[in-house]
Amino acid sequence: MLVVDNLTVRYSGILALQEVSIEVKKGETVLLVGSNGAGKSSLINTVIGLVPSASGRIVLNGKDISAVSCSARAQLGIGYSPEGRRVFSSLTVRENILSSTQGIPISTARENLAWIEKTFPLLAERANQPANQLSGGEQQIVAIARAVSRMPKLLLLDEPFLGLAPVWIGRVSETIRELQRRGTTILMTEQMARPALKLVDRAYIMRNGLVRRSGTVAEIRDSALAEEYL
Ligand SMILES: Nc1ncnc2c1ncn2[C@@H]1O[C@H](COP(=O)(O)OP(=O)(O)OP(=O)(O)O)[C@@H](O)[C@H]1O
Ligand SMILES: [Mg+2]
């Protein structure tokens with residue numbers, strides 16, 4: 001579904017990604033794991049079109065989308081939940097979820113919302129509450145729900161466990177599993193390898209803008225856990 005081919009990203013002199021290649025197949029959940037500054041967010045942000053690449057290609061379902069705008073990429077079926085769960089704090093939970101549905105028919109947006117609120121009862125219970133009254137874990141679930149409000153084919157989750165207590169890591173994991181059951185293809189990043197490895201099929205270990213190793217969870221488990229403590 002997604003091929004990132006020889007991607008290089010620079011921020012005025014700083015080399016954030018150096019000829020990185022990864023692949024995510026339809027129906028898979030793939031993890032990018034690595035410590036601070038490894039280049040995980042740079043990769044995700046280049047896939048959604050927020051950060052320009054210096055060279056390389058982003059290919060979605062066989063189509064080179066490297067030159068396609070952010071909003072057009074969303075329309076092609078890419079959903080995104082940013083690092084640090086940036087919810088709109090003064091909007092209600094339901095308004096947050098619906099804020100990503102511009103451009104799709106209102107009936108589809110309503111159907112999607114109904115599925116989301118049925119599948120994640122917390123979001124129905126809190127529908128009319130301002131997002132800033134929610135806990136960090138609850139806000140993370142709102143951020144994921146916003147990312148899936150268009151029912152994307154490919155969902156990008158940037159550090160969904162960041163700053164969460166274990167009980168909320170568990171609940172966010174359950175949210176991700178529910179989306180997997182629905183057939184969503186997922187690319188996620190994490191510094192916390194242990195809970196992330198429970199959710200994914202394969203992983204890429206990143207360090208200093210490079211992919212160091214990749215493989216199935218069984219193949220890279222020990223190296224990924226070691227990376228957690230760097
Ligand atoms: N907007 C920016 N301007 C300049 N340098 C940046 C910018 N964003 C990231 N970098 C640099 O690019 C490199 C990769 O950073 P990136 O945020 O992609 O890593 P990360 O793996 O997501 O790290 P973290 O786990 O801390 O989120 C780092 O050296 C970082 O300092
Ligand atoms: Mg990051």
Side-chain angles (χ1 to χ4, degrees), residues 2-24 29-58 65-66 69-70 73-74 78-87 136-137 139-144 146-148 152 154-166 168-169 172-173 175-176 186-200 202-215 217 220-221 223-230:
L2 174 72
V3 175
V4 172
D5 178 27
N6 266 302
L7 187 71
T8 294
V9 169
R10 278 197 197 91
Y11 304 99
S12 57
I14 298 166
L15 194 54
L17 291 178
Q18 214 176 317
E19 297 184 348
V20 166
S21 296
I22 70 157
E23 187 180 356
V24 185
T29 298
V30 171
L31 170 68
L32 305 175
V33 64
S35 49
N36 279 323
K40 306 178 298 295
S41 297
S42 298
L43 199 156
I44 296 280
N45 291 341
T46 313
V47 171
I48 58 160
L50 271 181
V51 164
S53 60
S55 61
R57 291 187 317 151
I58 312 281
I65 59 162
S66 311
S69 72
C70 246
R73 290 186 206 197
I78 302 181
Y80 163 65
S81 166
E83 185 181 304
R85 50 179 169 275
R86 288 187 289 265
V87 295
Q139 287 185 15
Q140 182 62 61
I141 293 174
V142 173
I144 295 175
R146 192 176 61 193
V148 297
L154 173 67
L155 175 62
L156 308 174
L157 301 174
D158 198 354
E159 298 214 38
F161 301 148
L162 188 68
L164 298 186
W168 280 101
I169 291 178
V172 170
S173 296
T175 306
I176 295 170
I186 301 174
L187 174 62
M188 64 182 281
T189 77
E190 255 312 323
Q191 288 194 41
M192 278 192 258
R194 197 172 293 274
L197 287 170
K198 291 184 188 154
L199 292 169
V200 305
R202 290 190 300 116
Y204 293 86
I205 300 176
M206 297 184 68
R207 204 189 302 156
N208 297 333
L210 293 167
V211 170
R212 298 288 175 165
R213 285 194 68 178
S214 65
V217 170
I220 55 84
R221 169 169 216 95
S223 321
L225 290 174
E227 207 68 18
E228 211 173 39
Y229 300 104
L230 283 183

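The analysis underlying the following values was restricted to heavy atoms, covering all of them including side chains, and did not include hydrogens, waters or symmetry mates. Remember, it's 1-based here, ligands and their atoms both numbered in the order they're listed. Note that the structure is predicted; figures quoted are calculated from it, not measured.
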Asks: Please report the interatomic distance CG(L210) to CD1(I205), rounded to the nearest 0.5 Å.
Replies: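 Rounded to the nearest 0.5 Å, the CG-CD1 separation comes to 13.0 Å.
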
Asks: Under 3.5 Å, side chain of R73 to main-chain N/O of V47, donor-acceptor pair present?
Replies: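 Confirmed, R73 side chain pairs with V47 backbone.
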
Asks: Closest heavy-atom contact between L157 and S81?
Replies: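 Shortest heavy-atom contact: CD2-CB, 3.7 Å.
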
Asks: How long is the span from the CD1 atom in I78 to the CG atom in L2, to the nearest 0.5 Å?
Replies: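 It comes to 7.0 Å.
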
Asks: For E23, enumerate each residue passing the side-chain hydrogen bond (donor to acceptor under 3.5 Å, both in side chains) test, keeping only those at least two apart in sequence or located in another chain.
Replies: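 In terms of side-chain hydrogen bond (donor to acceptor under 3.5 Å, both in side chains), with neighbours along the sequence ignored, E23 is linked to no residue.
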
Asks: Does a sphere of radius 6.0 Å around CZ in R10 hold more than 12 heavy atoms from other residues, nucleotides or ligands, not counting ones at 6.0 Å or beyond?
Replies: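 At most 12 heavy atoms, drawn from other residues, nucleotides or ligands, come within 6.0 Å of this atom.
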
Asks: Kindly tell me which protein residues have any non-hydrogen atom under 4.0 angstrom away from an atom of ligand 1, grouped by chain and ordered by number?
Replies: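 The answer is Y11, I14, A16, S35, N36, G37, A38, G39, K40, S41, S42, E83, E159, Q191, counting any residue whose heavy atom sits under 4.0 Å from ligand 1.
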
Asks: Measure the spacing between CG of L50 and SG of C70 and express it to the nearest 0.5 Å.
Replies: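 Atom-to-atom, L50:CG and C70:SG are 4.0 Å apart.
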
Asks: Got a sec, which residues hit side-chain hydrogen bond (donor to acceptor under 3.5 Å, both in side chains) with S41, two or more places apart in sequence or on another chain?
Replies: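 Scan of S41 (side-chain hydrogen bond (donor to acceptor under 3.5 Å, both in side chains), adjacent residues dropped) gives E83, D158.
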
Asks: For a distance under 2.8 Å, give residue and atom name for each protein N, O or S atom next to the Mg ion (ligand 2).
Replies: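 Per the 2.8 Å query on the Mg ion (ligand 2), atoms found are S41 OG, E83 OE1.
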
Asks: Answer yes or no: is there a donor N or O on one side and an acceptor on the other, between the side chain of R85 and the main chain of V142, under 3.5 Å?
Replies: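 Not a single qualifying donor-acceptor pair exists.
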
